[in-house]
Number of protein chains: 2
Amino acid sequence: MNITAAKEILKTHVSKVTTLTEEQFDYIFSHFQYQQYKKGQTIITEGTPVNCEYFVLSGCLKSFFINDELKMFILQFAMPTWWTSDYNALYSRNKATVNVDCITDAEVLCLSNEDREKLCREIHHVEYFFRWRTNKGYVASQKRLLSFMNNNVRYRYEELMALYPELYNIVPKNLIAAYLGVSRETLSRLYTPEK
Amino acid sequence: MNITAAKEILKTHVSKVTTLTEEQFDYIFSHFQYQQYKKGQTIITEGTPVNCEYFVLSGCLKSFFINDELKMFILQFAMPTWWTSDYNALYSRNKATVNVDCITDAEVLCLSNEDREKLCREIHHVEYFFRWRTNKGYVASQKRLLSFMNNNVRYRYEELMALYPELYNIVPKNLIAAYLGVSRETLSRLYTPEK
DNA sequence: TTGCAGATGTGATGTAGATCACGTGATGGC
DNA sequence: GCCATCACGTGATCTACATCACATCTGCAA
């Protein structure tokens with residue numbers, strides 16, 4: 001993908017939420033850095049500082065946490081036009097507690113914390129955009145929490161597949177299980193009849 | 001509590017995040033409506049439209065969901081200086097799927113969706129404040145989700161009590177259980193030795 | 001006073017999902 | 001083209017928590 005195509009994707013995404021002049025958008029875009037990653041590559045590593053958030057252009061990322069028993073929990077998948085980072089670390093300027101890596105080859109646009117805050121200060125519409133985006137994330141997170149408390153694995157699996165059918169082909173089942181907070185064995189048994 | 005005291009609480013809260021002139025804050029405050037509620041009173045009812053979000057001055061609220069089997073799940077407690085509403089309904093202008101009511105007598109400041117958006121448009125620092133606040137909520141929600149997947153009930157109970165010890169005295173155990181996503185019986189048995 | 005509703009504890013039993021163990025087939029690096 | 005690794009399925013067993021049932025205690029309203 002060339003830079004022009006990347007710019008177009010971001011522009012389309014942002015335009016759905018707020019309006020910017022050509023010059024404003026050019027200025028904003030100049031703060032983003034285009035990056036390419038290979039499948040399996042790590043973008044954010046637990047224990048290291050976090051400087052950027054990432055806008056996905058192509059491919060699929062995951063943000064995940066590994067507990068003491070080395071069990072993995074997936075906080076979020078990130079498909080094209082999604083944003084991801086370790087937001088806790090990013091805003092509090094702590095070291096990452098979460099990892100981000102690539103499920104497939106991926107292209108992203110990277111925006112530093114300082115540049116985001118600068119752009120938010122300089123351009124009111126950018127501040128609006130990020131408020132909107134964070135709000136969407138918050139509502140989605142609350143919904144997921146509720147579904148976690150309320151529904152069993154099977155229901156949550158079907159809910160996820162209905163919402164993001166593209167995950168079915170791209171993401172291996174053990175990662176789906178780690179997102180649903182269930183063992184891969186249980187996920188595998190969901191549709192086997194009782195004996 | 002008189003209006004002056006209420007105003008001071010909101011002002012202190014907002015000042016921790018952004019700076020406003022006296023006139024700006026007076027203007028902002030004029031959009032809030034002071035309200036008093038009795039213990040047990042309902043503020044937001046499932047199935048009805050939602051127009052406002054609520055800043056808690058005193059007392060304790062809960063936002064909760066009731067599923068088909070009449071089981072209650074608590075999304076959030078709201079103590080003084082916390083904000084609460086059905087944000088999904090509020091932003092998407094749908095009817096509420098969540099209820100909010102009073103665990104104790106409570107005083108709140110109420111801000112309508114329209115007024116919040118108007119203030120955000122008019123005063124850049126207000127937009128900044130709400131972006132900050134939503135971001136904090138998002139990060140907290142992600143943390144809770146992670147704790148849900150990673151930790152057992154006992155750990156989550158101790159985590160909650162460590163974070164908000166005041167809940168221990170104010171909130172009955174069946175509501176704590178509904179927040180932790182566990183039955184009240186299991187919560188009650190947490191510290192009984194194995195027989 | 002009486003009596004009712006809410007808050008809490010606790011025994012007995014049921015169950016969803018975890019864990020451990022093992023197998024097969026696919027795949028990708030060298 | 002070989003071999004290690006990963007993805008996925010499946011049986012046996014274990015366990016945390018749910019559910020149902022019942023008891024106690026408390027505060028409060030008629």
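Naming convention: chains lettered A, B, ... in sequence-line order (proteins, then strands); numbering from 1 in each chain. As the structure is a prediction and not an experimental result, all values here were calculated from the model.
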B:F130/B:W83 aromatic ring centres below 6.0 Å: yes
Using whole Å, report how far [atom1] of [X] lies from [atom2] of [N].
| X | N | atom1 | atom2 | value |
| --- | --- | --- | --- | --- |
| B:F73 | D:dC17 | CZ | C1' | 13 Å |
| A:N174 | C:dG17 | CG | P | 19 Å |
| B:Y157 | D:dC17 | OH | C1' | 17 Å |
| A:R189 | C:dA21 | CZ | C1' | 11 Å |
| A:M72 | D:dA7 | CE | C1' | 14 Å |
| B:N169 | C:dT8 | CG | P | 12 Å |
| A:N150 | C:dA16 | CG | P | 16 Å |
| A:K71 | C:dC20 | NZ | C1' | 14 Å |

Touch class at under 4.0 angstrom, heavy-atom based, for A:G181 against every strand present: sugar-phosphate
A:S183 side-chain N/O to C:dA18 phosphate OP1/OP2 under 4.0 Å: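 Yes, because at least one side-chain N or O of A:S183 sits under 4.0 Å from OP1 or OP2 of C:dA18.
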D:dC8 phosphate, OP1 or OP2, under 4.0 Å from A:S188 side-chain N/O: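 For D:dC8, OP1/OP2 do not have a side-chain N/O of A:S188 under 4.0 Å.
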Check: A:R154 side chain, C:dG17 base, donor-acceptor under 3.5 Å: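 Result: no qualifying N/O pair found.
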Donor-acceptor pair (no angle test) under 3.5 Å: B:E185 side chain, D:dC17 base: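 Such a pair does not exist between side chain and base.
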Side chain to side chain contact (heavy atoms under 4.5 Å, CB included) between A:Q24 and A:F29, intermediate numbers included: CA-CA 9 Å; A:Q24 280 179 324; A:F29 187 72; over 6 Å; no
Flag for A:Y168-A:E166: side-chain donor and acceptor within less than 3.5 Å: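 Per modelled atom types, A:E166 and A:Y168 side chains form no pair under 3.5 Å.
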B:E53/B:T84 under side chain to side chain donor-acceptor pair (under 3.5 Å): CA gap, chis, key distance, verdict: CA-CA 6 Å; B:E53 57 186 304; B:T84 197; over 6 Å; no
Minimum side-chain heavy-atom gap B:L167-B:M79 below 4.5 Å: yes
For nucleotides 22-29 of chain D, which of its nitrogen or oxygen atoms have a protein nitrogen or oxygen under 3.5 Å away, and what is each distance?
none

Spacing of B:E107 atom CD and B:Y34 atom OH [to the nearest 0.5 Å]: 3.0 Å
ring-ring contact (aromatic ring centres under 6.0 Å, His included) evaluation trace for B:W82 with B:Y164: CA-CA 13 Å; B:W82 291 47; B:Y164 311 111; 5.2 Å; yes
